[in-house]
Amino acid sequence: MTVDPARWAVLTVDLGTGGPKTSLVTLDGTIHFSEFTAVETERPSPGRALQDAEEWWRQILASARRGLDGGAVRRESVRAVAVTGQWSSVVPTRADLSPAGPCRMWLDTSASRHSQRIVGGPVLGYDPRWLTAWLRRTAGVPSPRGGDPVSHMLGFQHDEPGIAAGTAHYLEPVDHLTSRFAGRVHASAASMCGAWLVDIRDDRTAYASELVSRTGIDPGKLPPLSASGGVVGSLAPAVAAVLGLADDVAVVAGTPDLHAAWVGSGALGIGQAHLAISTTSWISCAVAAKKTDALHSIATVPGLTPEGHLVADNHEAAGASLTWLRSQVVDGSYEELCDEAIHSPAGSNGVLFQPWLAGMRSPVDDRSARGGWTGMSLQTTRADLIRSVLEGVALQSRWLLGPVEKFAGTRFDALRILGGGAESDLWCQIHADALGRRVERVREPMAAQSRGAALIAALALGIIGFDDVPALVPVDRAFVPDPQVTPVYDALARELPKVYSGLKGTFSRLRSPR
């Protein structure tokens with residue numbers, strides 16, 4: 001390190017599915033202020049999932065002002081702004097950088113027919129010619145089931161031509177917010193990786209023109225690309241005035257939550273894994289080369305270094321499953337639910353929860369899959385239901401673990417765990433027992449992605465190097481598998497794929513686009 005990073009601060013934004021979390025973080029990773037504000041996801045019709053991007057912006061500016069006015073850090077210590085968050089969503093953005101319409105969220109599958117027309121076919125749902133072309137250039141491919149940027153952009157273009165006409169650029173949420181902070185449009189291979197349109201074989205600053213042409217998307221509405229993990233420019237004067245910050249504050253390129261979680265986990269070495277339990281869940285690590293496992297919906301995406309790659313996969317409803325249970329079935333705070341779950345034994349007295357409330361993406365791509373309970377009886381208790389949800393999410397990670405380890409070419413002896421779900425000791429222990437691996441919880445796991453965004457800013461400014469990051473991410477506690485319990489979860493882990501296999505036809509026949 002060339003300076004004391006505790007002296008300088010970063011204004012970070014972690015835009016989750018539920019809304020933005022705005023924080024002030026010093027470059028040693030200390031969280032001095034953090035405020036979450038909820039933003040509603042609107043579902044006006046089957047398959048739709050929309051959010052108001054202008055509401056994000058209003059809430060972020062208001063939160064930042066509250067933190068700065070309250071003296072969480074000195075204004076003159078703020079040296080950068082960094083945005084991370086959800087990806088595979090699209091904000092139609094006007095030339096003045098305001099939203100031309102609502103953001104189509106990653107949950108929105110309403111335009112899947114457009115993707116189906118472009119890439120659909122008989123091999124895993126894909127046309128083999130285009131599957132090969134896409135994988136060779138981008139390591140991934142738009143889904144014929146929708147829920148990704150290509151389908152969203154085509155949805156605006158074909159189904160909402162009025163919005164499309166007013167759109168200058170289609171932007172990922174992190175790029176939309178970063179562009180507003182900087183006063184100019186920006187994107188990178190890291191932020192645009194979910195669109196599967198960036199040619200990542202060379203310098204990663206160009207789109208694969210043949211693929212863009214295939215989609216029919218207007219290439220002029222794709223944002224210009226620059227290097228990932230760098231500085232975009234300085235804070236726009238108007239935004240600096242609103243926040244009371246100097247207009248030489250650096251604006252760092254936006255990153256998906258995957259990248260911020262990677263840095264925020266402190267496990268940066270090749271094959272060092274982290275497990276995120278947020279609204280969604282994933283298992284990821286850095287790998288040395290671009291590759292794809294189309295069978296299990298696992299791919300690599302560009303990392304934050306010219307040669308780096310990160311493993312990308314996803315479970316659509318991890319923390320979302322517990323949120324659903326709390327809002328629809330069992331009253332109580334998250335802490336109260338976890339406290340009650342302790343009164344049910346491992347295995348939840350034979351109740352198995354299928355955590356596919358938003359379908360599946362990995363290790364099986366089936367958006368028609370749906371959640372439910374198996375094994376309930378008149379003797380089933382509230383505690384059994386709650387614990388079964390915690391276990392079902394962990395067992396989904398167990399199902400994914402084998403394919404990811406094979407993909408990465410290594411066994412993960414330990415995984416760093418982060419995200420809101422990791423605040424529960426019980427849920428961390430259930431993951432350790434279900435995975436059969438040591439699970440290491442980072443300090444303040446809910447803030448890990450905000451800390452990761454701040455450390456990405458420190459890296460971009462040259463204040464720290466990647467070798468410095470692990471020392472700035474302490475482990476709060478380690479959870480080791482209980483040999484008395486792991487056999488219970490080994491048995492349940494064998495059953496979960498069988499339940500899916502037995503019900504997938506039913507899911508398809510009862511398919512609800514919501």
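In this structure, the side chains of I118 and W134 come closer than 4.5 Å at one or more pairs of heavy atoms. Within the 4.5 Å cutoff, the side chain of H152 has heavy atoms near those of the D108 side chain. Contact annotation: the side chain of S281 approaches that of S397 to within less than 4.5 Å [non-hydrogen atoms, C-beta and beyond]. Residues V13 and T84 form no side-chain contact, since every pair of their non-hydrogen atoms from C-beta on lies 4.5 Å or further apart. In this structure the side chain of M153 reaches within 4.5 angstrom of the side chain of L222, judged on heavy atoms. Two residues are said to be in side-chain contact when any heavy atoms from C-beta on lie closer than 4.5 Å; V252 and V83 fail this criterion. Residues V364 and S297 have side chains not in contact (no heavy-atom distance under 4.5 Å, counting atoms from C-beta outward). Looking at V91 and Q51, their side chains never come closer than 4.5 Å, going by heavy atoms from C-beta outward.
Here the shortest heavy-atom pairing between P149 and E172 reads CG-OE2, 3.4 Å. Annotation for H169 and P223: closest pair CD2-CA, 3.8 Å, computed over non-hydrogen atoms. Across every non-hydrogen atom of A189 and L225, the tightest pair is N-CD2, 4.4 Å. Minimum interatomic distance between V311 and I283 (heavy atoms only, all atoms of both residues): CG1-O, 4.1 Å. Across all non-hydrogen atoms, the minimal contact from T486 to P481 is CG2-CB, 3.8 Å. Annotation for A190 and G303: closest pair CB-O, 4.3 Å, computed over non-hydrogen atoms.
Using a 4.0 Å cut-off between charged nitrogen and carboxylate oxygen, R361 and D366 do not count as a salt-bridge pair. By the 4.0 Å N-to-carboxylate-O rule, D365 lies close enough to R145 to be salt-bridged with it. Between R416 and E440 there is a salt bridge, since a side-chain N of the basic residue sits under 4.0 Å from a carboxylate O of the acidic one.
A donor-acceptor pair is defined here as one N or O able to donate and one able to accept, closer than 3.5 Å; such a pair exists between the side chain of T215 and the backbone of I217. Put simply, the side chain of T167 never gets that close to the backbone of P92: no donor and acceptor are under 3.5 Å apart. Checking side-chain atoms of T178 against main-chain N and O of V174 turns up a donor-acceptor pair under 3.5 Å. A donor-acceptor distance shorter than 3.5 angstrom exists from the side chain of R94 to the backbone of P99, with no hydrogens or angles considered. Remark: the backbone N or O of E40 is not paired with any side-chain donor or acceptor of E42 at under 3.5 angstrom. Looking at W427, its side chain does come within 3.5 Å of a backbone N or O of L390 through a donor-acceptor pair. Side-chain N or O atoms of R438 include none that pairs as donor or acceptor with a backbone N or O of D413 at under 3.5 Å. A donor-acceptor pair under 3.5 Å is absent between the side-chain atoms of R437 and the main chain of A434, judged by distance alone. Panel note: side chain T380, backbone S377; a donor-acceptor pair is recorded below 3.5 Å. Between the S327 side chain and the T323 main chain, a donor and an acceptor come within less than 3.5 Å of each other.
For H186, the side chain to side chain donor-acceptor pair (under 3.5 Å) partners at least two apart in sequence or on another chain are S226. Residues meeting the side chain to side chain donor-acceptor pair (under 3.5 Å) test with S89, sequence neighbours left out: Q86. Every residue two or more places apart in sequence or in another chain that forms a side chain to side chain donor-acceptor pair (under 3.5 Å) with H296 is listed here: D293. Applying the ring-ring contact (aromatic ring centres under 6.0 Å, His included) test to W57 and every residue at least two apart in sequence or in another chain returns F181. Contacts of H114 classified as ring-ring contact (aromatic ring centres under 6.0 Å, His included), with partners at least two apart in sequence or in another chain: H158. For F353, the ring-ring contact (aromatic ring centres under 6.0 Å, His included) test picks out W373, with sequence neighbours left out. Partners of Y500 according to the ring-ring contact (aromatic ring centres under 6.0 Å, His included) rule, which considers only residues two or more places apart in sequence or in another chain, are W356.
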May I have the step-by-step check of side-chain contact (heavy atoms from CB on, under 4.5 Å) for S151 and S112, ending in yes or no?
CA-CA 6 Å; S151 72; S112 60; 5.8 Å; no
Worked check of side-chain contact (heavy atoms from CB on, under 4.5 Å) between R451 and L455:
CA-CA 6 Å; R451 181 182 297 113; L455 295 176; 4.1 Å; yes
(request) Test side-chain contact (heavy atoms from CB on, under 4.5 Å) on L154 and V150 and set out the steps. (result) CA-CA 6 Å; L154 291 173; V150 163; 3.8 Å; yes
* Going through the checks in order, is the side-chain contact (heavy atoms from CB on, under 4.5 Å) test met by T138 and D199? -> CA-CA 5 Å; T138 74; D199 194 328; 5.9 Å; no
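Rounded to the nearest 0.5 angstrom, L400 CG and F407 CZ are separated by 11.0 Å. Rounding to the nearest 0.5 Å gives a distance of 4.5 Å between CG of L177 and CD1 of I60. Atoms CD1 and SG, on I200 and C193 in that order, are 9.0 Å from each other to the nearest 0.5 Å. Taking CH2 of W130 as the reference point, atom CG of L211 lies at 7.0 Å (rounded to 0.5 Å). Expressed to the nearest 0.5 Å, how far CG of L435 lies from CZ of F479 amounts to 13.0 Å. Going from atom CG of L15 over to atom OG1 of T17 covers 8.0 Å, rounded to the nearest 0.5 Å.
The list of side-chain hydrogen bond (donor to acceptor under 3.5 Å, both in side chains) pairs with a residue in residues 257-268, not counting sequence neighbours, reads W87-D257. Residue pairs meeting the salt bridge (charged side-chain N to carboxylate O under 4.0 Å, His left out) criterion with at least one partner in residues 273-287, sequence neighbours excluded, are absent. Counting only residues at least two apart or on different chains, the salt bridge (charged side-chain N to carboxylate O under 4.0 Å, His left out) pairs with a member in residues 131-143 are R137-E210. Residue pairs meeting the salt bridge (charged side-chain N to carboxylate O under 4.0 Å, His left out) criterion with at least one partner in residues 146-161, sequence neighbours excluded, are R48-E160, R104-E160, R113-D159. Within the structure, every pair that satisfies the side-chain hydrogen bond (donor to acceptor under 3.5 Å, both in side chains) test and touches residues 282-291, not counting sequence neighbours, is listed here: H274-W282.
E55 and Q59 form a side-chain donor-acceptor contact under 3.5 Å, judged by distance and modelled atom types alone. With 3.5 Å as the limit, one finds a donor-acceptor pair spanning the side chains of S344 and D384.
When the options H431, R398, E391 are evaluated for a side-chain hydrogen bond (donor to acceptor under 3.5 Å, both in side chains) with Y489, the one that passes is E391.
Taking a 6.0 Å sphere around CZ of R117, one finds it holds more than 12 heavy atoms contributed by other residues, nucleotides or ligands.
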